[in-house]
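The structure appears below as structure tokens.
If you're wondering where the values come from, they're calculated on a predicted model, not measured in any experiment.
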Amino acid sequence: MLFTSQALGSLPYTDSTYVSSISTKTGQSVGISASGSFSSCTCDLTAGGCDIACCCDSDCPSATVSQWRLSKNYCLDEINDQKILTFSQCLDRTFTGGLDDLQDGLKVYDKNIRALFCVTSSSSRETVSSFYDNQRSVGTAAQFNTTKNSLSLTTVTNPQYPQTQQLSTVQQLQGYSAMEPLLGYRNQSDTTRQYNKDKKLYLERKDLFGLCGRGRSIKYLQDQDQEECGYIPQPMTQQFCRSTLAPSVKALSLQVSTDQTLNTFATLVPGISRKFSLNNYTEMPIDSTVFHDSVYNSTDCSCDYLLLETHYTVYSTDFNSSFGVQSQINNITVDLIYGHFTPLNCTVNVQITQKNSIKFKQSIYSRKNSGGPGYIKGKKLLTGTSANATQGQHINMTKGGFKIRGADNHGMCYNLKTSLQTGLNTTNYTIETPSENLYMDDPILSFDDSTIYGCKINLTRQELINFCSNKTWQNMMLFQNFQLLKYVGRFGNSNPHYLSDWVQATVDSQKDKSLITASWDEPSGTCVLPSAYFVQIFYSKINTRSDPQYQIVKVVHYADTLNAWVYKKPDPTQGQDFQAILSLQFYEVDQDENFYAPPTPNPFKALPRNILYPFYVYGGSIQNMALSLGIIAFTVLSILQ
């Protein structure tokens, strides 16, 4: 068969040529033209007749179609058409689907190569010009992120969101279902909006180099744990402060459609707002009732109200529709942590990191569990303190989990003014009370996450003598922090109103040496003091063997003198680093803490290994031994008979 082609001329096709005719072996010419018989209603198979369950069939009475739509997933077109995309929509939706991870060689693949993931079978004849690997070489990770994002983002100056006409009638009727992506855009200014080509919303996450610039799709009812990313060290300029680090650009620009119609958008409500100085990590006063934006001071190149953390809480309600129970987003609470930073000068490079997360709730009284009923490994441990109310005693749960504190961002130990254990005061302290927060990268106490955590303190010989004789270790926050650990949830969904759901954390008085009098040996320059702290959490399995879950059965902690501090510097005025260690260990046990049952004894006495002497059975398995005994017995009986 011979194919011929002709130029398309001014026809609205993207190909330069198209097949116009073919010739058979007999020489018969067959013309080819675009068919007009294709219909937008994919289930309309009968001309002039109504096809059952085809709600888009114009030959079907409207009353019949209304009855069909009362049953969920009855209309074939409304089920299938949701999965059918036009060629251009497919191109738009694949810009991140499998390509944002193709970072080998820092190359970005643009729209032409994305067409390889799409198949078209419509009469629109919408195709691509060619299937070739169109690469845009970039030199750095930051340039890669910028180039990739430029292919996926569209900026419009029309204040009206320009996508409603692209949505089908089916989509306009739908709310959100579990795991469906949230739709919307990001505000760049009062008149400029930026949206992804697939209309989905993304939270920023780190790329392979730890830099901000990649996105993770926000899906309904899918919580995203806190993730941290950073920026390339650079001077604190107005552009860096007012754009990259601006809350209005990074956090408050998020506009989420309340449903999939993209007609109304959820309101952002101020939640918990806090502010810290990045020069000394101390907390600063702030008006938490309103949102703030970054402010740049050109005199000292300082940046105020720069964005450090963004944590969204999405509230929604359910409603019944022809598609079943769906959800509509009501509002979004935004918890923000701001920062203030003044560099040494305007040319020094600064490195800033940002954190974000999102979670979904249907009520302000909802609480996030760490499992149900048992703990899930890696989830935060539920902790709290005992409290009394008119309804009775309950547990005042710690929001966000129990922080492991005691080391600053440089790994140095810091002290609490008054010891929680003994009431000892020190003049060399960083915080006065445990409620005084510092902006540190404190890890969260998580289930089955055994770890060794520590800090260091720099002391001269005389400072070590004073530290030893004054018992200053009793003020170290690394050790005092666990005096705040009062109750731990027995289960991942422990109820704060049921005390039986909670395990009391206790100090192991038999092992604890935090109250001893330290000994100083002058000749060797050695101080024997409790320089290590141990936290031991015991848990056991519950549920079935195939689906094990875990419950906490016991929590103890104590200080010990395993590592003496020895001053080794030849010059006693030189400072030396000494290590304070926190050992946090999880142990799985078979029994409850208050119940012990010895293993059931074996009623059959084990046979000695030389039972077959002078024969020897290699191995020692019972099966081989029993088989050998059977063979010998059979042989002996045969001889006797």
task: Salt-bridge test for K377 and D449: reply yes if a basic N is under 4.0 Å from a carboxylate O, no otherwise.
output: no

task: If a pair satisfies salt bridge (charged side-chain N to carboxylate O under 4.0 Å, His left out) and one of its residues is in residues 280-292, list it, with sequence neighbours excluded.
output: R274-E283

Neighbour count >12 (heavy atoms, 6.0 Å) for atom CD, Q238: no

message: Would you say that more than 12 heavy atoms from the other residues, nucleotides or ligands in this model lie under 6.0 Å from the NZ of K206, or not?
response: no

- prompt: Just by modelled atom types, is the Y176 backbone N or O under 3.5 Å from a matching donor or acceptor in the D259 side chain?
  reply: no

- prompt: What's the verdict on side chain to side chain donor-acceptor pair (under 3.5 Å) for S327 and D318, showing C-alpha distance, side-chain angles and the deciding distance?
  reply: CA-CA 4 Å; S327 301; D318 295 337; 2.7 Å; yes

field: Nearest non-hydrogen partners of A266 and I329, listed with the distance
entry: CB-CG2, 3.8 Å

- request: Taking the six-membered ring for Trp and the full ring for Phe, Tyr or His, determine whether the centres of Y185 and F265 are under 6.0 Å apart.
  value: yes

query: For the residue pair C241 and M236, what are the closest heavy atoms and their distance?
result: CB-SD, 4.0 Å

message: Would you say the rings of H292 and Y338 are close, in the sense that their centroids are separated by under 6.0 Å?
response: yes

task: Check for a donor-acceptor pair, side chain of R405 on one end and backbone N or O of P434 on the other, with a separation under 3.5 Å.
output: yes

Sidechain N-carboxylate O distance under 4.0 Å for K275, D304: yes

K380, NZ: over 12 other non-hydrogen atoms inside 6.0 angstrom: yes

Under 3.5 Å: donor-acceptor pair, side chain of N475, backbone of N415: no

Listed partners of S370 passing side-chain hydrogen bond (donor to acceptor under 3.5 Å, both in side chains), at least two apart: none

message: Can you confirm whether K219 is buried at NZ, in the sense that more than 12 heavy atoms of other residues, nucleotides or ligands lie under 6.0 Å from that atom?
response: no

- request: Please work out which of the three classes, parallel, tilted or perpendicular, describes the rings of Y550 and Y539, given edges at 30° and 60°.
  value: perpendicular

message: I'd like to know if the side chain of D335 and the backbone of Y312 have a donor-acceptor N/O pair within less than 3.5 Å.
response: no

- prompt: Can T353 and E228 be counted as having a side-chain donor-acceptor contact under 3.5 angstrom?
  reply: yes

query: Is the shortest side-chain N to carboxylate O distance from D501 to R490 below 4.0 Å?
result: no

- request: Indicate whether the side chain of N280 and that of T282 have a donor and an acceptor atom separated by less than 3.5 Å.
  value: yes

- request: Name the orientation class of the two ring planes belonging to F482 and H557 (parallel below 30°, tilted from 30 to 60°, perpendicular beyond 60°).
  value: tilted

- request: Would you check if the side chain of Y231 reaches a backbone N or O of Q354 as a donor-acceptor pair within less than 3.5 Å?
  value: no

- prompt: Does the N481 side chain pair with the main chain of K403, one donor and one acceptor, at a distance under 3.5 Å?
  reply: yes

message: Any carboxylate oxygen within less than 4.0 angstrom of a Lys/Arg side-chain nitrogen, looking at E227 and K355?
response: no

Residue list, side-chain contact (heavy atoms from CB on, under 4.5 Å) with C455, at least two apart or on another chain: A407, C413, M476, L478, A580

- prompt: Under 3.5 Å, is there a donor-acceptor pair between the side chain of N279 and the main chain of T342?
  reply: yes

- prompt: So, S494 side chain and F491 main chain: donor-acceptor pair closer than 3.5 Å or not?
  reply: yes

query: Taking atom types as modelled and ignoring hydrogens, do the side chains of T385 and N396 form a donor-acceptor contact shorter than 3.5 angstrom?
result: no

- prompt: Which word best sums up how the rings of Y439 and F276 line up, parallel for under 30°, tilted for 30 to 60°, or perpendicular for over 60°?
  reply: tilted

message: Please check this pair: side chain of D408 against backbone of M412, looking for a donor-acceptor N/O pair closer than 3.5 Å.
response: yes

